[in-house]
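Protein chains get the first letters and strands the later ones, always in sequence-line order, with residue 1 at the start of each.
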Amino acid sequence: MEPMRAAETAAPAGPMPTPELLAERLLPWFDARGRDDLPWRRPGTTAWGVLVSEVMSQQTQVARAAPVWEAWMARWPTPADLAAAPTADVLREWGRMGYPRRALRLQECARIVAEEHGGVVPSDPVELERLPGIGVYTAAAVAVFHYGGRHAVVDTNVRRVVARLGGRSDAGTATTRADLTAAEALLPADAATAARVSVALMELGALLCTARKAECGDCPVSDECGFSGQEVPAGPSRKRQRYQGTNRQVRGKVMALLRDAEEPVERARIDAVWPQARMLDEAVAQLIAEGLIATDESGRFELPTR
DNA sequence: GACCCGTGGAA
DNA sequence: TTTCCAAGGGT
């Protein structure tokens, strides 16, 4: 057996608070300072509503996702409703949240849940992860935030907060097994309390213990934190992907054109969004292959009818 | 693990 | 103005 190097990378550099102490510090803060205006936190939100909110929040700020979620859930309250919608409508309602493949996968999710699960969103993370666009984080979020299961919910916020609690300034770029283990070790035994700790950890990372700055003076767990009082290292925490001039930018321009078009558009109008024909051809071919755009009988371009 | 996939808000 | 990054997932 190879040595478990990954477990070492995310291992705390210092002592971690006990789950009981963490909950004792964190939960009162969350009750007092947590955001109570997120629409999916309202009582009565369905499992499907939670799943939709989590997919929308993948790499999109929750403040931007919230209004889209409201309109979306009013229009398509159940998986069956979304499954039956024209894909063009789905992509337009998704609007400018970015990564429109998420919208496509969400509709596939709706079809699978409606047809293969009797319209009931699974509660088991393993089962949830089988759905398109649902990874480890989103599966855990639905299982915990709606169904009350006891699982670690590890997003970028939790990774960062847990790393800093352990005295590490670098949380790494992606969630590893070691991150999950470290987060699980902080969960109290009671599932309902564990669920609140997970939301509170995420909220702490989103509001106080952010990527750019750690507001240790206002932090409820600063006394138990290995990072307390330190400055966040300057500069990007990881290598960033360029955007200007990339395929993604071209795809974005094509999608924006078709989203805003009332009718199918001629190729000439597609050509107008990008000067380099090579890149444009590539992007258009990709978008068609992925099912994000389509052509009609006369060869004009449009969002997928179905 | 590295890289790909959009868009816009905040500093 | 530019940079950084956001409740990630798939390949």
Side-chain angles (χ1 to χ4, degrees), chain A residues 5-6 9-10 34-35 38-41 50-69 91 94-106 108-109 128-146 152-162 171-180 183 195 198-207 209-213 232-259 273 282-283 286-287 289-292:
Chain A
R5 302 207 61 79
T9 359
R35 291 167 290 186
L38 297 179
W40 46 81
R41 283 186 182 166
V50 171
L51 188 152
V52 171
S53 78
E54 294 299 341
V55 172
M56 287 183 173
S57 301
Q58 292 168 358
Q59 296 292 283
T60 297
Q61 297 90 329
V62 296
R64 271 207 303 149
V68 180
W69 184 88
L91 290 170
W94 191 262
R96 304 185 63 81
M97 284 201 298
Y99 296 143
R101 295 195 293 195
R102 290 183 294 163
L104 234 43
R105 290 179 180 140
L106 189 52
E108 294 173 33
C109 261
L128 283 159
E129 280 187 60
R130 294 207 177 97
L131 298 171
I134 310 297
V136 174
Y137 163 76
T138 306
V142 172
V144 170
F145 299 151
H146 182 79
V153 185
V154 181
D155 73 334
T156 185
N157 291 307
V158 173
R159 280 215 325 278
R160 184 174 56 250
V161 170
V162 172
T173 58
T175 301
T176 64
R177 188 60 58 97
D179 292 325
L180 295 172
S198 286
V199 203
L201 283 172
M202 289 173 64
E203 198 80 341
L204 191 70
L207 299 182
C209 194
T210 67
R212 292 175 186 265
K213 188 168 172 53
V232 175
S237 58
R238 59 172 175 168
K239 188 167 15 171
R240 288 284 154 187
Q241 297 168 28
R242 179 194 68 210
Y243 179 67
Q244 290 294 325
T246 64
N247 184 52
R248 288 156 70 197
Q249 187 179 22
V250 184
R251 291 166 56 109
K253 286 188 177 297
V254 174
M255 290 302 294
L257 173 66
L258 296 188
R259 265 200 314 270
V273 305
E282 171 66 16
Q286 274 185 1
L287 292 171
E290 291 172 23
L292 280 164

Discussion item. I need the residues from residues 135-146 of chain A with at least one non-hydrogen atom less than 4.0 Å from DNA chain B; give them sorted by number, or say none.
Written reply: none
Worksheet item: Nearest nucleotide by nearest heavy atom, which residue falls closer to the 5' end of DNA chain C, W40(A) or E129(A)?
Response: W40(A)
Discussion item. What contact category does R105(A) fall into here, base, sugar-phosphate, or nothing, at under 4.0 angstrom with non-hydrogen atoms?
Written reply: sugar-phosphate
Discussion item. Using a strict threshold of under 4.0 Å (side-chain N to carboxylate O), is an ion pair present between E290(A) and R251(A)?
Written reply: yes
Worksheet item: Taking N and O atoms by type only, does the side chain of R64(A) place a donor or acceptor under 3.5 Å from a partner on the base of dG8(B)?
Response: no
Discussion item. With a 3.5 Å cut-off and heavy atoms only, can you find an N or O donor on one side and an acceptor on the other between the side chain of R240(A) and the base of dT3(C)?
Written reply: no
Worksheet item: Between T175(A) and dG8(C), is there a side-chain N or O to OP1/OP2 distance below 4.0 Å?
Response: no
Fill in: Interface with DNA chain B, restricted to residues 52-60 of chain A and to heavy atoms under 4.0 Å
Q59(A), T60(A)
Item to complete: Would you classify Q241(A) as touching base, sugar-phosphate or nothing, given that sugar-phosphate means primed atoms plus P, OP1 and OP2, and contacts are heavy atoms under 4.0 Å?
Response: base
Item to complete: Kindly say whether V154(A) contributes a backbone atom to a donor-acceptor pair with the side chain of R159(A) at under 3.5 angstrom?
Response: no
Discussion item. Any donor-acceptor pair under 3.5 Å linking the side-chain atoms of Y137(A) with those of Q58(A)?
Written reply: no
Worksheet entry | Selection from dG6(B), dG8(B), dC3(B) that lies nearest to any side-chain heavy atom of R96(A) | dG8(B)
Fill in: Contact nearer the 5' end of DNA chain C, comparing R41(A) with P132(A)
R41(A)
Fill in: Euclidean distance for P, dA7(C) against dC3(B) (whole angstrom)
24 Å
Discussion item. Any side-chain N or O of R102(A) below 4.0 angstrom from OP1/OP2 of dG8(C)?
Written reply: no
Fill in: Nucleotide of dG10(C), dG8(C), dC4(C) approaching P236(A) most closely (side-chain heavy atoms)
dC4(C)
Worksheet item: Does the side chain of R102(A) pick up a donor-acceptor pair with the side chain of T60(A) at under 3.5 Å?
Response: yes
Discussion item. Considering every strand and a 4.0 Å limit on heavy-atom distances, what is the contact class for L106(A): base, sugar-phosphate, or nothing?
Written reply: nothing
Practice prompt. For T156(A), report the nucleic acid contact type (base, sugar-phosphate, nothing); a contact means any heavy atom under 4.0 Å.
Written response: sugar-phosphate
Practice prompt. Determine whether the side chains of N157(A) and E203(A) contain a donor N or O and an acceptor N or O closer than 3.5 Å.
Written response: no
